[in-house]
> 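Below you will find the structure I want to go over with you.
Any value given below was found using the heavy atoms of this structure, including those in side chains, with hydrogens, waters and symmetry copies removed.
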Amino acid sequence: MRQKIVAGNWKMNLDLAEGKELLLSIIDGQINEGTTAIVIPPFIHLNSFKQMLSHTKIALGAQNCHQQDSGAFTGEVSAAMLKSVGVEYVVLGHSERREYFMEDSLSLSFKVTKVIEKGLRPIYCCGETLAQRQEGEHFEIIRAQVKNGLFHLNEMELLNCVVAYEPVWAIGTGETASPAQAQEIHAFIRKTIATEYGDMVAENISILYGGSVKPNNAEELFNCPDIDGGLVGGAALDANSFIAICNSF
């Protein structure tokens, strides 16, 4: 059975005091037993948050990491460092990282390998821009992102990954892919994985939708047969909204 996941990506928001206040409100909420809730704050929060989450079932994630274990990489953080402060999941290849920091799927494949090597779980993001969708290139773009970022892994390594589909045109815009559009791409990603690894692997990997997920659309999205949860942005900065999304299955 595929894992039902809601991962809240806080991006570059909230100082430590603000972050603690939000996290306490999430902890005080009631999240359904069957949902894996993940909080993904800025790096500076991680050590404090792990202590706050120690007696809860909420998991801790990071927004990025470097592909090397250590070295002269000023401003970077390694997977081993993240593990040392209790991180369990690492977001890789978010569209903002691809656009603003010029990350591509090949370079991300090295990060995926390193995250798995350190015993953490990648949340690997893929998705098309509005121009690519309008040109009818979206299937090929997503196939290439999945193939180039993940298909160097063996079956067990791939099953340790979570895939997140995020239509770039729906991130932070208030626009959302319709449930039919989202389901179509999720099914395509699953078929792409099945072609390389077989149905068993494809049917057991969780694929999340990311792109303006909110309490008022989460249930309809999550009811789609190939959507296993959400990678949530803005709505994750409000405890009530995040909890409502977590309980939308």
> Whether the side chain of Asn148 engages the backbone of Ser105 through a donor-acceptor N/O pair (distance < 3.5 Å, no angle test) should be reported.
no

> Any non-hydrogen side-chain atom of Leu208 less than 4.5 Å from a side-chain atom of Ile227?
no

> Can any side-chain N or O of Thr113 pair as donor or acceptor with the backbone N or O of Ser109 at less than 3.5 Å?
yes

> Step by step, would you call Glu96 with Lys11 a salt bridge (charged side-chain N to carboxylate O under 4.0 Å, His left out)?
CA-CA 10 Å; Glu96 292 156 3; Lys11 307 188 181 184; 2.8 Å; yes

> Are the side chain of Arg190 and the backbone of Asp226 linked by a donor-acceptor contact shorter than 3.5 Å?
yes

> Does a side-chain N-to-carboxylate-O contact under 4.0 Å join Glu103 and Lys111?
yes

> Of the non-hydrogen atoms in Cys126 and Ile189, which two are nearest, and what is the gap between them?
SG-CD1, 3.9 Å

> Check whether Arg121 reaches the backbone of Tyr89 with its side chain - one donor and one acceptor, N or O, closer than 3.5 Å.
no

> Please tabulate, one pair per line, all N/O donor-acceptor pairs under 3.5 Å involving side-chain atoms of residues 16-30, not counting sequence neighbours.
unit_1, atom_1, unit_2, atom_2, d
Glu18, OE1, Asp15, N, 2.9
Ser25, OG, Glu21, O, 3.2

> Examine the side chains of Gln181 and Tyr209 and answer whether a donor and an acceptor come within less than 3.5 Å of each other.
no

> Going through the checks in order, is the side chain to side chain contact (heavy atoms under 4.5 Å, CB included) test met by Lys50 and Ser48?
CA-CA 6 Å; Lys50 183 56 182 178; Ser48 297; over 6 Å; no

> Mark yes or no for whether Gln145, through its side chain, and Gly127, through its backbone, hold a donor-acceptor pair below 3.5 Å.
yes

> Looking at Ala236 and Gly8, what are the two nearest heavy atoms and their distance?
CB-CA, 3.5 Å

> State plainly whether one hydrophobic cluster holds both Ile141 and Leu130, where clusters connect Ile, Leu, Val, Met, Phe, Trp and Tyr through side-chain heavy atoms under 4.5 angstrom apart.
no

> Check side chain to side chain donor-acceptor pair (under 3.5 Å) between Gln132 and all other residues, then give those that pass, not counting sequence neighbours.
Thr129

> Looking at every non-hydrogen atom in both residues, tell me the closest pair between Glu166 and Cys125 and how far apart they are.
OE2-CB, 3.6 Å

> Is a side-chain donor or acceptor of Gln63 paired with a backbone partner of Pro41 at a separation under 3.5 angstrom?
yes

> Looking only at the side chains, is there a donor atom on one of Gln3 and Ser206 sitting less than 3.5 Å from an acceptor on the other?
no

> Give the minimum heavy-atom separation between Gly119 and Lys83, together with the two atoms involved.
CA-NZ, 4.4 Å

> Under 4.5 Å between side-chain heavy atoms, counting indirect links through other Ile/Leu/Val/Met/Phe/Trp/Tyr residues: same cluster for Val91 and Val39 or not?
no

> Can you check whether Val213's main-chain N or O pairs, donor with acceptor, with Asn217's side chain at less than 3.5 Å?
no

> Would you say the ring centers of Trp10 and Phe49 fall short of 6.0 Å from each other?
yes

> Could you work out, with side-chain contact (heavy atoms from CB on, under 4.5 Å) as the rule, every residue matching Phe110, not counting sequence neighbours?
Gln67, Leu106

> If you measure only the distance, is there a donor-acceptor pair under 3.5 Å linking the side chains of Lys4 and Asn32?
no

> Checking the side chain of Thr56 only, and the main-chain atoms of Ile58 only, is there a donor and an acceptor separated by less than 3.5 Å?
yes

> State whether the side chain of Gln183 and the backbone N or O of Ala180 hold a donor-acceptor pair below 3.5 Å, judged by distance alone.
no

